[in-house]
J.: 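Dumping the structure here so I can ask a few things about it.
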Amino acid sequence: MIRDDLAEAVRSALVALAVEPLPEQVAMERPANRDHGDWSSNVALASAKKAGRNPRELAAQLVDHLNADLPAHVESVEIAGPGFVNFRLAPTWLHDVLTEVITEGEAGYAAPDVGGGKAVNVEFVSANPTGPVHAGHARGAAHGDSVARLLARTGHKVTREFYINDRGVQMQLYGASLAARKAGEEPPEGGYQGEYITDWAAGMPDDVDPVAWGEDRALADQREVLSAFGVDFDVWYRELSLVEAGLIEEALADLRERGVVYDADGATWLRSTDFGDDKDRVLVKSDGELTYLMPDIAYHRDKFSRADQLINIWGADHHGYVARMKAAMSALGHDPEELDVEIVQLVDLLKDGEPVKISKRAGNLIELRDVIDEVGADAARLTYLLQSIDSRQTVDLAVVASQGMENPVFYVQMAHARIHGIARRVVEAGVTRVPLADTDLSVLVHEREVELLRILSDLPDVVAIAARDRAPHRVTTWVRELAGAFHGFYHDCYVIGDGVSPELTQARLWLVESARIGLAIGLDLLGVSAPESM
RNA sequence: GCCCCUGUAGCUCAGCUGGAUAGAGCAUCGGACUUCUAAUCCGACGGUCGUUGGUUCGAAUCCAACCGGGGGCGCCA
């Protein structure tokens, strides 16, 4: 890669200039301002002090040294500002980028192996098995799945997991609600009021356990709608299976053995304050029942037996639970860093500017299915992945469903459709693409062409950073940039037609193909498909 | 009271492992279709990056305090 080549050239220049100590690494960055060249390094600024040099002088010496023997693709090296070393490159470096994209393809380009096969378990959604997946789960579903895609692309062995809370009083209430509706009665006090209860109860056979049947019914529904959303889990883990396997007792025994639990007030406590929590937590209540925490600890303990790294995607209303979960894992001897809890801030759902209230009790919840029906899975996913999960999001279904300019989904999908439009046009014209090796890429010098390639060259870094920071929205931002650059190219640079030489057509066909690959990689990471025509 | 997230253009948001005049879309105003989809492109307008200090050659970015917004603090799940 060009960046490594440039960094290496700078490093050997530093050595030649007897700079001591040598910096740990030579940072190369892309200046925001194009007047500052194609690549820039701040080494002179960063290492001058330690080396006892004047930054501006050091930079000048570096520039002289580099200009004396220019690295490949470099046209000139200049000093700027307080001591930046700026590289101005010939477009040929971008032609190398094009070749790299084409050669490595959809599977190979921008797939840095930073994971080294590390096993990562991503647990998300984990809705209660008492009803359909609702809109409140959607942002976490889109985010978790995209994080999983990013990790898989960057050399991790990924498991997508859904935890099923099928133990506890809510299941009894759920079963009783189904039974009541089937008998034509009102659900019990504190039961489930949703319309789906009546619908589902109508299909419930007479001779079944309403709780077990209801769980299966809910899970089938959840699985179906999540799949329609592009989210498929590898593991559906039932809390009851923890009980059946005796893993809860095992986990408690493990904690006792480690001396991190104690009995007080008739209850059993975890000494979580020893591990960074602000208070100790009850594991077994004085009435002998388990708290919610205990099975959760056993569950995470089991996940650690199956993976090196755990990632949990939780809603903002669960953030208070993070410290105690991490404390519990520390108590079990794990590095708290090995449990990464991602908190997804809430989504305010609007419809035509009016807030949509979600209340499970009242039963007026918006199902994920409704969102998909209304705006489509692609539009919904891209919308949820538009911004950082750290900030609260407002989603107006009317806007997402609209095909207007305020909707970025169509902008991106249009770019993809136009690429296929070109392909169709080329077929009509009877033109065939010659092999890349026989194509003269040096004709690609238009600012639009160059810009497209510059953006494509950023993708490997974007993917690496997005995976590291669990930040799929970085990919969204990049995809929108690429789409923008493509629309600009499409407008100004015809691939085929009068006034376009056969050589230029060939080069541009490969350029369009590289854009298609970039778009395909980005959209796949987001779990968004793109139509070939619109 | 304590904890987490957040405050960037009229609106919605990028940018945050510190870098050189802070970006995009929408909105407003003005331009561009005889050729691959004008669902597009180009230009203009628009910002003391919540406030005050600190660290640094350099801060939207790091640190502290304060102010504003959202969420959470159960022997509930």
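Just so you know, these numbers use all the heavy atoms, side chains as well, and skip hydrogens, waters and symmetry mates.
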J.: Between B:A9 and B:G54, how far apart are the two P atoms, rounded to whole Å?
T.: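 The same atom, P, in both gives a distance of 25 Å.
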J.: In whole Å, what is the span from the CZ atom of A:Arg480 to the C1' atom of B:G25?
T.: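 Rounding to the nearest Å, CZ of A:Arg480 and C1' of B:G25 are 6 Å apart.
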J.: Picking from B:C57, B:C36, B:A20, which would you name as closest to the side chain of A:Arg425?
T.: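 Minimum distance to the A:Arg425 side chain belongs to B:C36.
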J.: To the nearest Å, give me how far apart CD1 (A:Ile465) and P (B:A14) are.
T.: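 So the two atoms are 16 Å apart, to the nearest Å.
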J.: May I ask you to say whether A:Arg454 pairs ionically with A:Glu451, meaning some side-chain N is under 4.0 Å from a carboxylate O?
T.: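 Yes.
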J.: Any idea which of B:A14, B:U37, B:U40 is nearest the A:His491 side chain?
T.: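 When the side chain of A:His491 is considered, B:U40 is the closest of B:A14, B:U37, B:U40.
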J.: Identify the two heavy atoms, one from A:Gln309 and one from A:Glu337, that lie closest to each other, and give their separation to 0.1 Å.
T.: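 Smallest interatomic distance, heavy atoms only, reads NE2-O, 3.3 Å.
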J.: Looking only at atom C1', what distance separates B:A59 and B:G15, rounded to whole Å?
T.: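 Approximately 14 Å lies between the C1' atom of B:A59 and that of B:G15.
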J.: Using the C1' atom in both, what is the distance from B:U51 to B:U6, to the nearest Å?
T.: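 Nearest-Å result for B:U51 against B:U6 at atom C1': 16 Å.
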J.: Using atom C1' of each nucleotide, how far apart are B:G18 and B:C62 to the nearest Å?
T.: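 It works out to 8 Å between them.
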J.: Measure from the ring centre of A:Tyr490 to the centre of the six-membered ring in the base of B:U40, then say whether that distance is under 5.5 Å and the planes meet at under 30°.
T.: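 Not stacked: fails the 5.5 Å / 30° test.
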J.: Which listed nucleotide (B:A14, B:G19, B:A32) is nearest to the side chain of A:Ser391?
T.: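 The closest nucleotide is B:A14.
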J.: Can you classify the ring geometry of A:Trp314 versus A:His300 as parallel (below 30°), tilted (30 to 60°) or perpendicular (above 60°)?
T.: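 The arrangement is perpendicular - the two ring planes meet at more than 60°.
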J.: Scan A:Asp296 against the nucleic acid and name what it touches under 4.0 Å (heavy atoms): base, sugar-phosphate only, or nothing.
T.: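 The answer is nothing, as A:Asp296 stays clear of every strand by at least 4.0 Å.
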J.: Side chain of A:Arg448 only, please: which of B:U40, B:U37, B:C42 is the nearest?
T.: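 Side chain of A:Arg448 sits closest to B:C42.
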J.: NA contact type, A:Ile343, heavy-atom cut-off 4.0 Å: base, sugar-phosphate, or nothing?
T.: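 Touches nothing.
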J.: On a whole-Å scale, what distance lies between the P atoms belonging to B:A44 and B:G25?
T.: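 Result for the P pair: 12 Å, nearest Å.
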J.: Are the aromatic ring centres of A:Phe489 and A:His446 under 6.0 angstrom apart?
T.: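 When the ring centroids of A:Phe489 and A:His446 are compared, they turn out to be at least 6.0 Å apart.
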J.: For the side chain of A:Thr476 and the backbone of A:Leu385, is there at least one donor-acceptor N/O pair under 3.5 Å apart?
T.: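 Yes; at least one donor-acceptor contact below 3.5 Å.
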J.: Give a yes or no answer on whether the side chain of A:Thr291 reaches the backbone of A:Leu283 with a donor-acceptor pair at less than 3.5 Å.
T.: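 The answer is yes, because a donor-acceptor pair under 3.5 Å joins these two groups.
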J.: Could you give the CG-to-P distance, from A:Asn407 to B:U40, as a whole number of Å?
T.: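 Going from CG in A:Asn407 over to P in B:U40 covers 10 Å.
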J.: Would you mind telling me which of B:C41, B:U37, B:C36 lies closest to the side-chain atoms of A:Arg418?
T.: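 Nearest listed nucleotide: B:U37.
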J.: For a quick check under 3.5 Å, do A:Asn128 and A:Tyr174 share a side-chain donor-acceptor pair by atom type?
T.: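 Their side chains do not contain a donor-acceptor pair, so the 3.5 Å distance test is not met.
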J.: If you assign A:Gly81 and A:Ser388 each to the RNA chain B nucleotide with the nearest heavy atom, which residue ends up on the more 5' nucleotide?
T.: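 The residue closer to the strand's 5' end, by nearest nucleotide, is A:Ser388.
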J.: What is the separation between atom CE on A:Met534 and atom C1' on B:U40, rounded to the nearest whole Å?
T.: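 Between C1' of B:U40 and CE of A:Met534: 12 Å.
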J.: If the glycosidic angle is within 90 degrees of 0 it's syn, otherwise anti, so just tell me which one B:C62 is.
T.: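 For B:C62, whose glycosidic angle is more than 90° from 0, the conformation is anti.
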J.: Taking the ring of A:His491 and the ring of A:His487, is the distance between their centroids below 6.0 Å?
T.: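 So the answer is no for these two rings.
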J.: Looking only at heavy atoms, what is the nearest atom pair of A:Leu270 and A:Ala331, with distance?
T.: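 Closest approach of A:Leu270 to A:Ala331, heavy atoms only: CD1-CB, 4.3 Å.
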J.: Base contacts versus sugar-phosphate-only contacts with protein, heavy atoms under 4.0 Å: please encode nucleotides 68-77 of chain B as B, S and - from 5' to 3'.
T.: --SBS-SBSB
J.: Check whether NZ of the Lys or CZ of the Arg A:Arg281 lies under 6.0 Å from the centre of the six-membered ring of A:Trp269 and within 45 degrees of that ring's axis.
T.: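 So A:Arg281 doesn't make the cation-pi contact.
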J.: Among B:A20, B:C36, B:C13, which nucleotide sits nearest the side chain of A:Gln387?
T.: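 So the side chain of A:Gln387 is nearest to B:C13.
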J.: Within the distance-only criterion (no hydrogens, no angle test), does the side chain of A:Asp265 pair as donor or acceptor with the backbone N or O of A:Ala267 below 3.5 angstrom?
T.: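 Pair absent, no side-chain N/O of A:Asp265 close to backbone of A:Ala267.
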J.: Does A:Glu189 have more than 12 heavy atoms from other residues, nucleotides or ligands lying within 6.0 Å of its CD?
T.: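 Result for CD/A:Glu189: open.
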J.: Rounded to the Å, how far apart are A:Arg88 CZ and B:A20 P?
T.: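 In whole Å, B:A20 P and A:Arg88 CZ are 16 Å from each other.
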J.: Start at the 5' end of RNA chain B and walk down; is the nucleotide closest to A:Ala483 or to A:Ser533 reached first?
T.: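 Of the two residues, A:Ser533 wins.
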J.: Nearest whole angstrom, please: distance from the C1' of B:A14 to the CG of A:Asp458.
T.: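 Whole-Å distance recorded here is 14 Å.
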J.: Using atom C1' of each nucleotide, how far apart are B:A14 and B:C75 to the nearest Å?
T.: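 One C1' to the other, the span is 46 Å.
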J.: What's the closest nucleotide to the A:Tyr411 side chain, out of B:U37, B:C57, B:C41?
T.: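 For A:Tyr411, the side-chain atoms sit closest to B:C41.
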J.: In whole Å, what separates the P atom of B:U52 from that of B:C67?
T.: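 After rounding to an integer number of Å, I get 15 Å for this pair.
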J.: Does A:Arg474 put a side-chain nitrogen or oxygen below 4.0 Å from OP1 or OP2 of B:C16?
T.: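 It does, given that an N or O in the side chain of A:Arg474 lies less than 4.0 Å from OP1 or OP2 of B:C16.
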J.: Using atom NE2 of A:His446 as one end and atom P of B:C41 as the other, report the distance to the nearest whole Å.
T.: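 In whole Å, B:C41 P lies 15 Å from A:His446 NE2.
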J.: Using whole Å, report how far OH of A:Tyr494 lies from C1' of B:U40.
T.: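 So the two atoms are 10 Å apart, to the nearest Å.
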J.: Using a 3.5 Å limit on both pairing distances, list the dot-bracket string of RNA chain B from the 5' end; Watson-Crick and G-U wobble pairs count, crossing pairs take [ ], interstrand pairs take |.
T.: (((((((..((((.....[...)))).(((((.......))))).....(((((..]....))))))))))))....
J.: Using the P atom on both, measure B:A20 against B:C45 and round to a whole Å.
T.: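 Taking atom P in both B:A20 and B:C45, they lie 22 Å apart.
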